[in-house]
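In what follows, a single structure is set out as structure tokens and then discussed.
Computed from a predicted model, the values in this text were never measured in an experiment.
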There are 2 protein chains.
Amino acid sequence: MSFSPLEVLLTTDIVLFTIQQERLKVLLIRRGSDPYKGCWALPGGFVQEGESLGECARRELLEETGVDEAYLEQLYTFGDPDRDPRGRVVTVGYFALVRSDELILEASTDADAAAWFPADELPDLAFDHAEILRVARERLSAKVEYSSIGFQFLPVEFTLRQAQAVHEAVLARSLDKRNFRASLKARGLVKGTGRKIQDGPHRPAELFRLATDEPVKIFK
Amino acid sequence: MSFSPLEVLLTTDIVLFTIQQERLKVLLIRRGSDPYKGCWALPGGFVQEGESLGECARRELLEETGVDEAYLEQLYTFGDPDRDPRGRVVTVGYFALVRSDELILEASTDADAAAWFPADELPDLAFDHAEILRVARERLSAKVEYSSIGFQFLPVEFTLRQAQAVHEAVLARSLDKRNFRASLKARGLVKGTGRKIQDGPHRPAELFRLATDEPVKIFK
DNA sequence: CCAAAAGTGTTCGTACTACACCCATGC
DNA sequence: GCATGGGTGTAGTACGAACACTTTTGG
């Protein structure tokens, strides 16, 4: 290694998903400075001294969106030489999941700079963020099927209907109610609390919670 | 972004797997310079100007091991602030698979600087390379079960016994011959060539090849 | 004829699919 | 009493796991 190594700028970009109105949504921010000023983009920013990649992603998420607690997972690293007009900037993509009921926190950031978009109606995005988002959606869909990651969108106690709506939103197809419930039971994933919730002119639904403490359980 | 962003050094490190004597092996190189001089480490090196991450991994693989054609896939990015004593060095881990019969190429590199180690008898490694290797093994094992990635270890034509041996080596457990073959047939993964190969005092085996052109097919 | 690997089917349990009706509640 | 979502079971099919013997060849 006698050549002088190339120094690069390193960022993390976060694809933050949630469910609203039973639809999968993604948080985007409007860029306030060049390049791509005024464009929609993923939240993210430069890695700082003494900070790990995951710490950086968590910090950026908090700073740019006000989201404090979220499931966070490294996705993929994008480093094509010309992906950023400023020069050599490599980004480590993350994806993050928050519960719908934490979204009040979103108001803590400057209001018109951030917005939730339905995952299937996205605007044009800055840099290669459309590609990062595509990879994130792919990974999320796959993981919902073979792990319990989908429950990250739900509060600690939830009804089975809510759970099914979340899975349907992520997979973008409808599921059979009896099969969905049977599968949860077969996997021993949820346990009833005995308590019920009444939210309309119909029979009250039982509240459930995850049976295990591990946040995300891989099936099989 | 008013602060001045941190510049980092970026490397790729490659976990190169193969199968020899029906065992899963990993290629390591002995470091010729500090830090960790004399230690075993993964092949890899600094990303250069104008080079994408995948190109860097492929180049390092060629330069350090003489391996030209290999299946290559990005694994995970490791960026803890203190993972490298030289300063802030972030590495993008890759894993690569080569066929056993390409290993003659390995002699093209300086002989005692590189060696194959059984995946379950590894020496101490430099940096956080033990962790990178752990992640790579995990990913490889998982992927062998739900994709046709294992055939990357085999030549274009192979016997079913060879295919089974490869899968057994990766999974570190023995498989049932009839089930293995039935599963290949059910998936329509391989097709017989009609030709046979004779390699000992026993009935000759038919040669097979992959039924599809796609290098790696995901099941289900 | 012996050693060595090639080749081949069935049974069982488990998991996914499709599918329809009664129940509890508020208005 | 009616509208709304809550809750439940069964039959068919597909897939993975366990399991043993005959065939072909070289020596």
Side-chain angles (χ1 to χ4, degrees), chain A residues 19 21-22 141-148 150 154 157-209 211 217-220, chain B residues 21-22 141-148 150 154 157-209 217-220:
Chain A
I19 308 278
Q21 293 95 43
E22 309 200 342
S141 300
K143 219 150 173 176
V144 154
E145 299 211 82
Y146 70 82
S147 81
S148 63
L154 292 166
E157 301 197 342
F158 49 84
T159 66
L160 297 184
R161 173 176 192 77
Q162 289 175 317
Q164 184 174 341
V166 161
H167 285 77
E168 288 178 336
V170 173
L171 296 172
R173 64 187 163 92
S174 58
L175 303 173
D176 179 84
K177 180 161 60 159
R178 283 164 294 187
N179 292 342
F180 180 75
R181 289 151 109 104
S183 157
L184 290 187
K185 188 181 290 182
R187 286 166 174 165
L189 246 187
V190 299
K191 56 170 191 249
T193 64
R195 269 167 311 115
K196 311 221 163 182
I197 191 171
Q198 177 69 45
D199 81 325
H202 52 81
R203 180 168 171 179
E206 183 170 5
L207 286 168
F208 287 77
R209 49 170 64 210
K217 183 174 175 183
I218 309 290
F219 304 141
K220 258 203 120 183
Chain B
Q21 294 97 41
E22 309 200 343
S141 301
K143 218 148 174 176
V144 154
E145 300 211 81
Y146 70 82
S147 81
S148 63
L154 292 167
E157 301 198 340
F158 49 84
T159 66
L160 297 183
R161 172 175 194 77
Q162 288 174 317
Q164 184 174 341
V166 161
H167 285 77
E168 288 177 337
V170 173
L171 296 171
R173 66 188 161 90
S174 56
L175 303 173
D176 179 85
K177 181 162 57 158
R178 284 164 295 184
N179 291 341
F180 180 76
R181 289 150 109 105
S183 156
L184 290 187
K185 188 180 293 183
R187 287 168 174 162
L189 246 186
V190 298
K191 56 171 190 251
T193 63
R195 270 168 308 114
K196 311 223 162 181
I197 192 172
Q198 177 70 48
D199 80 325
H202 52 81
R203 181 170 171 176
E206 184 171 4
L207 286 168
F208 288 77
R209 50 170 65 208
K217 183 174 174 182
I218 308 290
F219 304 141
K220 256 205 120 182

Roughly how many Å is it from CD in Q198(A) to P in dC23(C), rounded to a whole number?
18 Å
If I take atom CG in residue L207(B) and atom C1' in nucleotide dG7(C), what distance separates them, rounded to the nearest angstrom?
15 Å
Looking at the side chain of N179(A), which of dA24(C), dT17(C), dA4(C) is the nearest nucleotide?
dT17(C)
Under 3.5 Å, side chain of E145(B) to main-chain N/O of S147(B), donor-acceptor pair present?
no
Which distance, rounded to the nearest 0.5 Å, do you find between the NZ of K191(B) and the CZ of F208(B)?
12.0 Å
Give a yes/no answer on whether the side chain of R161(B) brings an N or O atom under 4.0 Å of OP1 or OP2 in dA6(C).
yes
Whichever of P204(A) and D176(B) has the more 5' nearest nucleotide on DNA chain C, that residue is D176(B)
For L160(B) and dG7(C), what is the distance between atoms CG and C1' respectively, to the nearest whole Å?
9 Å
Which nucleotide in dG7(C), dG26(C), dA20(C) has an atom nearest any side-chain atom of E206(B)
dG7(C)
Nearest-angstrom distance from the residue atom CZ of R181(B) to P of dA5(C):
13 Å
Rounding to 0.5 Å, atoms NZ (K185(A)) and CZ (F180(A)) come to a distance of 13.5 Å
Kindly compute the distance separating CG (N179(A)) from CD (Q164(A)), expressed to the nearest 0.5 Å.
9.5 Å
Atom CZ of F219(A) and atom P of dT14(C) are separated, to the nearest Å, by 18 Å
Toward the 5' end of DNA chain C, by each residue's nearest nucleotide, H202(A) or K177(A)
K177(A)
Kindly compute the distance separating OG (S148(A)) from NZ (K143(A)), expressed to the nearest 0.5 Å.
10.0 Å
Students should find this one: the first and last nucleotides of DNA chain D, 5' to 3', lying under 4.0 Å from a heavy atom of chain B. What are they?
dG16(D) to dG26(D)
Just verifying a value: how many Å separate T193(B) OG1 and E157(B) CD, rounded to the nearest 0.5 Å?
5.0 Å
Grab the CZ-P distance between R178(A) and dA20(C) for me, whole Å please.
7 Å
How long is the gap from NZ on K177(B) to CG on L160(B), to the nearest 0.5 Å?
10.0 Å
